[in-house]
Structure formats: C-alpha cells, structure tokens
Amino acid sequence: MNEKKTAIFLCGGGALGAWQSGALSFINEKKIDAQAISGFSIGAINSAFYCFNSVDKIEKIWSKMDNKKIFKFSLGYSRPVDISIAEENKNPVKKIISRIENFLSGVNLFSNKPVYKILSKYISKKAEFKKNLKFYCISHCVERSAPYITEFDSDNYERNRFIKMVVASSTIPFIFPQIKEESRWGEVHLVDGGVIGRENVNFSFFEGFSDIFVISNVLDEDYYFKPRSPFSITEIFEKRLRRILVYQNKKIIKSLSHLKSKPNIHLINPLKPLDARIMDFDGKKAVKLFEDGRKSALEFFKKL
C-alpha cells in the first residue's frame, strides 16, 4: 500500500492573506504534516513561514502589518505585463481596457524594499528549512508570459535567493518593481505569480500526492464584487483584483484535477466574502481576518 502524501497550495490575495494564515495555522495544529507546499503572491509569503516551522508566529507577524511601512513611494517603469484573462479577449470593450492595463502594468508606484525587510527580519540567518519538505515558489516570467517555478528544500536552501524568489512572487504589477533574474533563457523579469490569467501552472510536482489542501482567500461570489463607490480608483482596482483571483483559483483547481494520480483536492474558502481590502495591510484588521480564517478551517474540517 502506497504511503499517503499531503500537499498544501496557498493562493494569492494580498492583505486577505491574513485570513489564509489563520486557516494554515489551524491545519498546522491539526498535525497535518505536508511534504510539499506551493503558492504565489501572499500565498508564497505564508508558505515561507511554513518552511521554517514558524506558523505559530504568523498571527504576531500579521498583527504588526502597517500600510505606512509597506508602501514607500518610488515611481518607476520596467516592462508591460499581460494581465488579461481569457474571457476578456472575447469582449471588444474589455479587450481595449485590457490593452491599456497591460501597458500601465509596467509602472510601479512603490519600492519592494519593505517586503525584503519583513522577510529578512522573520527569516533569520539561523533559520532551518523544514526537513522532508519541498517548497515550489511560483512567480511569473514577463518575457515568456508563463509561470516561473523555483524549488527549495533543506538541501538546496540559500537564504538570499529564497527571499528574492518570495519577493518576486509577491511583486504585484502597478505596485512593486519587477525582479531581475538570471535564468537559462538569459536575464528575465519576474512579477507576482498570480499573473496567470491565461497560462496554466504545471502542477506535475504534486504528482503522486494523495491529498492537496488548497487555501483560497476568495469565493466565487467575489467575481461580482460591488465597489463601495463606483468612482473610487481603489475600489475599482479591488474589483479587478478579486475577479483575477477568482479566475486564477478556478484554473488552479482545474489544473490540479488533471493530475494522473487523482488526488483528493480539499478547497478551503472563507465562509463569506471577506469585507477587508486586498491592499489594506492593517494589523488590527489582520488579526480579525486571522481568527476568521481559523473559524473557516474549523468548519471545513467538521464537514470533512
């Protein structure tokens, strides 16, 4: 009889990731020991703490989040990123909007140094990578318009590169500058791994696993998110991001379901759409989201 193997996948969602970290904390307390973990964007950041057996510290880390510390203005422009999703190419108006968004996606408004600083603080030089665990960090290669996956384990872990790849995975277009990387294709630019609206992630690294826990930060209802104000740029941006997250998650579940080993896929979502905002990194709100995440995971396991 084959030994059962468990994996965890953490989806993106910015500040909503505080909810995800609560769900991850509950899973960790259930003694569900994963042999592999993967994620993109905030999911990669939460995965990073799992890699060092630091899940019990996540709530404290989130409680110290502060928008003023994270968003340091630093205007720049690098390369446009195709962030459109397939369905938009069928609608002439959405197609035009997507082209404008894709051009502006090369802009970055803030420095990513604060993200480096947070990760460097909590992933110390003495931190030991968890044994018998593999981490697949997903970012997005601008030049190839495809996912860029980096594998880490206790044998090949190197702190600076690890932190760099996690930052790359959470480099949201419009917000943070792209990360340069020397690859087998030459120099490439990496951005948030959530930019997978048109490309499928190859989850062959999860082949052979019996159970995969996918922790999302949104529900299908978030696709129809209603802004508090139709004239607010931040609310319009929120609507856009939530649509992308819902679309991404559907593609992730579909891709996982195509694995030959036919693993049991357990999707953990919020009990209702989260009222917080993706770009609002507020410590007090994060603590509430964390507790909501734990409650949602509790309800999930009651039904499992």
Please walk me through it: do Phe73 and Phe71 pass ring-ring contact (aromatic ring centres under 6.0 Å, His included)? CA-CA 6 Å; Phe73 184 73; Phe71 299 113; over 10 Å; no
Intermediate values then yes/no, ring-ring contact (aromatic ring centres under 6.0 Å, His included), Phe162 and Phe135: CA-CA 10 Å; Phe162 181 91; Phe135 170 42; 5.6 Å; yes
Step by step, work out the ring-ring contact (aromatic ring centres under 6.0 Å, His included) result for Phe300 and Phe26. CA-CA 11 Å; Phe300 172 85; Phe26 187 87; 9.6 Å; no
Using the side-chain contact (heavy atoms from CB on, under 4.5 Å) rule, take Asp220 and Lys250 through it: C-alpha gap first, then chi angles, then the decisive distance, then the call. CA-CA 9 Å; Asp220 288 349; Lys250 286 182 178 295; 3.5 Å; yes
Stepwise ring-ring contact (aromatic ring centres under 6.0 Å, His included) check, Tyr157 with Phe52: CA-CA 11 Å; Tyr157 168 68; Phe52 299 96; 5.2 Å; yes
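A pairwise comparison of heavy atoms in Glu151 and Asn156 identifies O-ND2, 3.1 Å as the closest pair. Residues Pro80 and Val142 approach most closely at O-CG1, 3.5 Å, considering heavy atoms. Shown here for Phe206 and Ile8, the closest heavy-atom pair between the two residues is CZ-O, 3.8 Å.
Heavy atoms from other residues, nucleotides or ligands lying under 6.0 Å from CG of Leu304 number more than 12. Open room surrounds OH on Tyr224; 12 or fewer heavy atoms of other groups in view lie less than 6.0 Å from it. Other residues, nucleotides and ligands contribute more than 12 heavy atoms inside 6.0 Å of the CD atom of Glu143.
One finds no salt bridge joining Glu238 and Arg228 here, because no Lys/Arg side-chain nitrogen approaches an Asp/Glu carboxylate oxygen to under 4.0 Å.
Between Phe213 and Phe9 the shortest side-chain heavy-atom distance does not fall below 4.5 Å. Looking at Asn46 and Trp62, their side chains come closer than 4.5 Å, going by heavy atoms from C-beta outward.
Note that Lys30 lies in the cation-pi zone of Phe301, set by a 6.0 Å cut-off to the ring centre and a 45° limit from the axis.
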